[in-house]
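These notes concern the structure reproduced below.
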2 protein chains.
Amino acid sequence: MKNKSKRNSIKGIAAELGVSVTTVSFVLNGKAKEKRISEAVTKKILDYIELIGYRPNQLAQSLRTGKSKIIVFMVEDISNHFFSRLARIIEDIAYQKGYKVLFCSNENDDKKSLELIDLFKERQVDGFMIVPSPGIQDKIAALKAEKIPVVLCDRYFPDLDIDHVIIDNEKASYCACEHLIKNNFKNIALITTDVRQTQMLGRLEGYKKAMAAYQLPTNVLILPYKEKTTLQGKESITKFFYENPDLDAAFFTTNYLTKNGLAVIKESFPNALNKMGIVTFDDNELFTIYTPTITAVSQPLEEMAKELMKTMLALLKNPKVAHPPKKIVLKAKLVVRESSKVKE
Amino acid sequence: MKNKSKRNSIKGIAAELGVSVTTVSFVLNGKAKEKRISEAVTKKILDYIELIGYRPNQLAQSLRTGKSKIIVFMVEDISNHFFSRLARIIEDIAYQKGYKVLFCSNENDDKKSLELIDLFKERQVDGFMIVPSPGIQDKIAALKAEKIPVVLCDRYFPDLDIDHVIIDNEKASYCACEHLIKNNFKNIALITTDVRQTQMLGRLEGYKKAMAAYQLPTNVLILPYKEKTTLQGKESITKFFYENPDLDAAFFTTNYLTKNGLAVIKESFPNALNKMGIVTFDDNELFTIYTPTITAVSQPLEEMAKELMKTMLALLKNPKVAHPPKKIVLKAKLVVRESSKVKE
DNA sequence: CTGAAAGCGCTAACAG
DNA sequence: CTGTTAGCGCTTTCAG
């Protein structure tokens, strides 16, 4: 009388079928064999479940087991092409493995990152894949100390022994510069931001080393991060170009900088478009149809996503166990197009 | 002896402070006043909570209340610029309102959509914001019947009374075409896909009406959806252009089609680039720095995201109550650039 | 004003 | 081979 056996719950099923919840739970979790439950009973339960389309309540399951089967992927900005592409691939792998992915954007801001991490910890997500903002070292260390799976992406903290998957920025940058140099460019500018994180530092370093190796002058424009997509940022680039009329090539360290740079060139230095050498970090389909087509340092998205998930899944399997951190460094590929061709 | 009061739980706090869990729960939920709990006790609890940095276990909370504070935003492809931009805005609003957002991509595929919806239902998400694939009408109706909040986005099912926020595709398309016509283009092609959903149908219809209104011939290329980003798709466009040498303008109904179209023009009809009128649906920053800059039908992303969330939040507030469906139709804006200028 | 206690739906140790 | 039962951490009714 009192029981609400109509409800789709293990209890209801047990009541309906005249077995115990344990039995139902076991067959539900595929432990029928292991627990030596009779074929007949197993089948009866399975059939009934099929019949009423029963699905276990994951929330209850999570509460009980402590695992939520959710991982978060925190990036700088999910609407940035590079990150949304990554996200798309990660999504596929994760769902395949029975995990859901929560995406969120931290805008490379520490406060926001911290808030987001706390938020998700409360929700007991199983793990974090993070493109970290500059100042959250301690938080990351704390997560690790709590044995919560974390893997960093795109940039990392050299002082911290945390799993990460990144690319060899310095080398990629060096190669890009060397390519320009070999194509006779002698006055190469680097346009970058003031972000003092490993990925940007590496790109800067690669540039400097290349210039030094070939005894070429350096011309670096460092834009405040805030100006990355603003009018202000464009003006700074314009000014920089005006003040350095001898430049014959420009290397942009991220895709949004490149967009701004191309806009500036188009507006204020239209003749330069086909005379100047141009190389960008981060590829984009549109660079293949631009005129000129733009040479780009292309990051191995697919591979990054795969390694990220592989690393995360390994951690998830054994979160308690200490392990030597996996530091995965992938190679970027220079895709040579028209914009860096030898000019006459 | 038996109790594990060290644990961060209401129980632990109650034990530690020598009060009951009820009391703690009440002050936690801001019902101290309402339940007339003494100031002293309230403060004591609050302070202690602050001290140990206690955060309630959301899972348990959800299990108990039946609300997960999670909504899902299902799009066609999260790596598509249009959707990732939308997602970014939605994310902000949602987090502000205390909701988390799960993003996922259905690839406009029914099977995948259905699987995803079931997956999330099990996880008892509070609501669904969906860019629906063509054949999931019944599922959507079922969700509504179950009183689960759903709001459709970008496209909808005319036969179903479900909240949605879309743009007036037909009108937007008509305006774009009219603009071309007024700029003296007389042989305008429409490049679209075979997707038979409202958004595409509307764009096609707008084109047809405009051509009819001005007694101009129609030239429609309908590409299979599968070819949207393939080489095959490019070849089809190339062939279409070869077979219709009289075309003087092309209107692409989505951004990926435009990318392909521009690639084809660049490769096979370089002279056409500046002679042909070009208009695209879906704006993109890169269109502002392309040469020529590309005229685009720009969808009001910010507004769409806001209306979506507003509608969702309203449903969330009162999921049980029947209500007249909100059918929000926004206006797109034609951003005129060089590619559709009058040609001599 | 405060406490006891009944679950939400599920898992798994323990006891037949 | 199957059933009983004790929680997971929280909310909320009902009694003091």
Side-chain angles (χ1 to χ4, degrees), chain A residues 2-46 48-49 52-69 121-124 126, chain B residues 1-46 49 52-69 121-124 126:
Chain A
K2 278 186 100 175
N3 82 18
K4 14 189 158 174
S5 57
K6 274 284 115 128
R7 228 199 202 57
N8 268 9
S9 71
I10 278 199
K11 203 175 180 177
I13 296 173
E16 195 66 33
L17 260 35
V19 299
S20 90
V21 291
T22 315
T23 314
V24 180
S25 176
F26 282 155
V27 341
L28 236 34
N29 295 322
K31 295 186 184 165
K33 277 255 147 57
E34 181 187 330
K35 301 291 180 179
R36 320 213 309 165
I37 293 176
S38 72
E39 289 264 317
V41 174
T42 304
K43 186 171 175 345
K44 183 169 70 173
I45 294 176
L46 255 18
Y48 185 66
I49 278 164
I52 65 171
Y54 167 80
R55 321 255 56 198
N57 179 326
Q58 285 238 30
L59 241 33
Q61 220 161 267
S62 297
L63 178 61
R64 185 62 234 238
T65 60
K67 314 247 129 277
S68 62
K69 287 286 182 177
K121 260 185 56 191
E122 286 163 39
R123 190 155 272 297
Q124 6 282 106
D126 290 350
Chain B
M1 213 61 331
K2 279 185 98 175
N3 83 20
K4 11 188 161 177
S5 56
K6 274 286 115 133
R7 229 200 201 56
N8 267 9
S9 71
I10 277 198
K11 201 172 176 181
I13 296 172
E16 195 66 34
L17 261 34
V19 299
S20 91
V21 292
T22 316
T23 313
V24 180
S25 175
F26 283 155
V27 342
L28 237 34
N29 295 321
K31 296 188 183 162
K33 278 255 145 55
E34 182 187 331
K35 300 291 180 181
R36 321 214 308 169
I37 293 176
S38 72
E39 289 263 319
V41 173
T42 304
K43 186 171 175 347
K44 183 169 69 172
I45 295 177
L46 255 16
I49 278 164
I52 65 172
Y54 167 79
R55 321 254 56 198
N57 179 325
Q58 285 238 30
L59 241 33
Q61 220 160 264
S62 297
L63 178 60
R64 183 61 231 238
T65 60
K67 314 249 130 278
S68 62
K69 287 285 183 178
K121 258 184 56 190
E122 285 162 41
R123 189 155 273 295
Q124 7 280 104
D126 290 350

Return a table of donor-acceptor pairs under 3.5 angstrom between the side chains of residues 53-69 of chain A and protein atoms on other chains or two or more places apart.
| residue | atom | partner | partner atom | Å |
| --- | --- | --- | --- | --- |
| A:R55 | NH1 | B:E122 | OE2 | 2.9 |
| A:N57 | OD1 | A:L59 | N | 2.7 |
| A:N57 | OD1 | A:A60 | N | 3.0 |
| A:Q58 | OE1 | B:R123 | NH2 | 2.8 |
| A:S62 | OG | A:Q58 | O | 2.8 |
| A:S62 | OG | A:K67 | O | 3.0 |
| A:T65 | OG1 | A:Q61 | O | 2.8 |
| A:T65 | OG1 | A:K67 | N | 3.3 |
| A:S68 | OG | A:I70 | N | 3.4 |
| A:S68 | OG | A:Q124 | O | 2.7 |
| A:S68 | OG | A:D126 | OD1 | 3.3 |

Whole-Å distance between [N] [atom2] and [X] [atom1]?
| X | N | atom1 | atom2 | answer |
| --- | --- | --- | --- | --- |
| B:L59 | D:dT11 | CG | C1' | 15 Å |
| B:K67 | D:dT12 | NZ | P | 12 Å |
| B:L17 | C:dG3 | CG | P | 11 Å |
| A:R36 | D:dC1 | CZ | P | 5 Å |

query: When you check the phosphate oxygens OP1 and OP2 of D:dT2, does a side-chain N or O of A:S20 lie under 4.0 Å from one of them?
result: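 No, because none of the side-chain N or O atoms of A:S20 sits under 4.0 Å from OP1 or OP2 of D:dT2.
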message: I want to check one thing: is the phosphate of D:dG3, taken as OP1 and OP2, less than 4.0 Å away from some side-chain N or O of A:T23?
response: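 The answer is yes; a side-chain N or O of A:T23 sits under 4.0 Å from OP1 or OP2.
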List the atom pairs, donor and acceptor, that lie under 3.5 Å between side-chain atoms in residues 25-35 of chain B and the rest of the protein, sequence neighbours left out.
| residue | atom | partner | partner atom | Å |
| --- | --- | --- | --- | --- |
| B:N29 | ND2 | B:S25 | O | 3.2 |

task: Would you please name every residue forming a salt bridge (charged side-chain N to carboxylate O under 4.0 Å, His left out) with B:K121, sequence neighbours left out?
output: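 Applying salt bridge (charged side-chain N to carboxylate O under 4.0 Å, His left out) to B:K121 gives B:E146.
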query: Hey, what do you get for NZ (B:K44) to OG1 (B:T23), rounding to the nearest 0.5 Å?
result: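 Separation between the atoms: 9.5 Å.
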field: Protein proximity profile, nucleotides 10-16 of chain C - base contact B, sugar-phosphate-only contact S, no contact -, cut-off 4.0 Å on heavy atoms
entry: BBBB---
message: Short of 4.0 Å, heavy atom to strand atom, which residues of residues 37-46 of chain B count as contacting DNA chain D?
response: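 The answer is none.
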Minimum side-chain heavy-atom gap A:I13-A:I52 below 4.5 Å: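 SC-SC contact between A:I13 and A:I52 confirmed.
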task: Find the bend of the helix from C:dC1-D:dG16 to C:dG16-D:dC1 as the angle between its two terminal axes (five pairs each), to the nearest 10°.
output: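 Answer rounded to 10°: the end axes differ by 50°.
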